[in-house]
**Student:** 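Sharing a structure, written as structure tokens. Questions coming.
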Amino acid sequence: MIPRHHALAVYRTMLKIRLFEERVAQLFRDHKLYGPAHLYVGQEAVAAGVCAHLAPTDYVASTHRGHGHLIAKGGRYDRMMAELFARATGYCKGKGGSMHIADMSLNMLGANGIVSAGIPLATGAAFAAKVLKNGRVSVAFFGDGAANEGVFMESMNIAATNRLPVVFVCENNTYSVGIKWRTVANHDDIAARAHGLGLPGVIVDGQDVTAVYREAATALERARSGAGPTLLECKTYRYFGHCGIWGDPRDPAEVAAWKARDPIALFAARLRSEGMASEAELESMAEELRRELDAAVAFAMASPAPRPEEVTSDVYSESTGPRASTTAGTTGITVGNDVVSKYLEE
Ligand SMILES: Cc1ncc(C[n+]2csc(CCOP(=O)(O)OP(=O)(O)O)c2C)c(N)n1
């Protein structure tokens, strides 16, 4: 079980993600929000169970389905909602949208519209952390579809060979858009792929946050101790269709079977049965988060759109320009030849 002092915080993170995503779905339904948003409902235990062990200085690289990862890393409702509404007060000043939210103050390396592209980013951040000996770890979240991109194996190989402080967290929700895992792979478990590369591959029940929390603790401890990376394959499921609230080719009976093991309901029942929280306490937590969401939506809708002259700002960072040998902002990631030279010298 998750230690008492941590359990309610982990529950709150899961609930915070669920309520945000459900509100986004409503806003789409009511035609108040437009554009793509890939909802994370059903998978909350993965982000919450893993990120519970991360310090603000640790790195996370996310995916197109990234709202949950940002919330679990400490993201704020108001700035997220403003970004979804394309307002200047959003995390990326309204120019990123759902699939590109990044916040370097949280060392959130970004949601990512390119499937699998966060995996090498997290691996690179881990490489920098190792060379700089700053004790940071890095986590790559990605789906089963991403596991069939070559860069997944390349990154795991580099990480294993160099014992990088990174944890690869595959959220296997069975589907890549509408394509079932077993139609694009001749084996069940993605975790098995780690074994041939010389790193542990662990299968986790992604609906049980206590299991995710426990296995993430082991993997992150391994990374921090210098023993190298781990691949965690969390078996999970998304409740909505691939993108937004429209269209879902999946068998309703299959969706219902997964909903019967809802990660939030399972954990709430456990908190109650172990005397860690009452029904009323959990409901009042939800009420407080709903009020925060109301305020976030109002904030977003009242915020200005980005000014037209802002269109070319923030698309290129002068501090990490072509010569790329300076330290980028406050992230502590030194980019370019400095890191590589330092590594080769040692
Ligand atoms: C390189 C690349 N190929 C294809 C796409 C189109 N695409 C967007 S999301 C997606 C499915 C990804 O599935 P998975 O990695 O399992 O993540 P999930 O959506 O299940 O969270 C695809 C194919 C893309 N964005 N990038």
Side-chain angles (χ1 to χ4, degrees), residues 14 17-18 20-21 24-25 28 35-51 60-73 96-102 108-123 139-156 167-194 201 203-204 206-207 212 231-251 254-255 258-259 263:
M14 292 169 74
I17 297 169
R18 172 74 53 98
F20 183 85
E21 297 292 62
V24 170
F28 269 97
H38 304 76
L39 301 175
Y40 193 70
V41 176
Q43 302 185 199
E44 297 90 346
V46 182
V50 171
C51 293
V60 162
S62 174
T63 69
H64 54 287
R65 201 175 300 289
H67 305 164
H69 307 135
L70 176 58
I71 289 173
K73 193 70 177 59
S98 166
M99 272 195 290
H100 304 99
I101 306 185
M108 173 64 175
L109 302 174
N112 209 310
I114 307 296
V115 170
S116 78
I119 303 173
L121 293 182
T123 307
V139 172
F141 289 102
F142 53 97
D144 44 285
N148 268 352
E149 295 280 358
V151 75
F152 166 59
M153 300 301 275
E154 292 171 45
S155 300
M156 280 207 303
V167 177
F168 300 100
V169 180
C170 180
E171 301 187 65
N172 185 351
N173 61 16
T174 309
Y175 291 89
S176 171
V177 189
I179 299 174
K180 250 187 155 156
W181 170 252
R182 275 309 244 116
T183 61
V184 290
N186 195 28
H187 62 97
D188 287 327
D189 301 323
I190 294 165
R193 294 185 177 182
I203 297 171
V204 189
Q207 304 310 95
V212 177
L231 169 62
L232 294 184
E233 180 190 1
C234 301
K235 308 274 193 189
T236 184
Y237 205 76
R238 55 172 158 76
Y239 292 178
F240 284 94
H242 170 67
C243 182
I245 57 172
W246 298 283
D248 186 3
R250 297 173 305 172
D251 179 355
E254 181 185 278
V255 180
W258 278 89
K259 283 185 176 174

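Counting convention: from 1, in listed order, for ligands and their atoms alike. Since we're looking at a predicted model, the values are computed, not measured.
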**Student:** Near ligand 1, which protein residues have a heavy atom under 4.0 Å away?
**Tutor:** His64, Arg65, Gly113, Ile114, Val115, Gly143, Asp144, Gly145, Ala146, Glu149, Asn173, Tyr175, Ser176, Val177, His242
**Student:** Can you sort out the partners of Glu149 under salt bridge (Lys or Arg N to Asp or Glu O under 4.0 Å), two or more places apart, ordered by chain and number?
**Tutor:**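 By the salt bridge (Lys or Arg N to Asp or Glu O under 4.0 Å) rule, Glu149 matches no residue at all.
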**Student:** State whether a side-chain donor-acceptor pair under 3.5 Å links His187 with Arg193.
**Tutor:**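 His187 vs Arg193: donor-acceptor pair found between side chains.
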**Student:** Applying side-chain contact (heavy atoms from CB on, under 4.5 Å), can you list everything that pairs with Val184, at least two apart in sequence or on another chain?
**Tutor:**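 Testing Val184 for side-chain contact (heavy atoms from CB on, under 4.5 Å), a comparison that skips the adjacent residues, returns Asn148, Ile179, Trp181.
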**Student:** Distance check, rounded to the nearest 0.5 Å: Tyr40 atom OH versus Phe20 atom CZ?
**Tutor:**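 If I round to the nearest 0.5 Å, the distance is 14.0 Å.
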**Student:** Got a sec, which residues hit side-chain contact (heavy atoms from CB on, under 4.5 Å) with Lys180, two or more places apart in sequence or on another chain?
**Tutor:** Thr174, Tyr175, Thr183, Glu254
**Student:** Can you name the one residue among Arg65, His64, Arg250 that meets side-chain hydrogen bond (donor to acceptor under 3.5 Å, both in side chains) with His242?
**Tutor:** Arg65
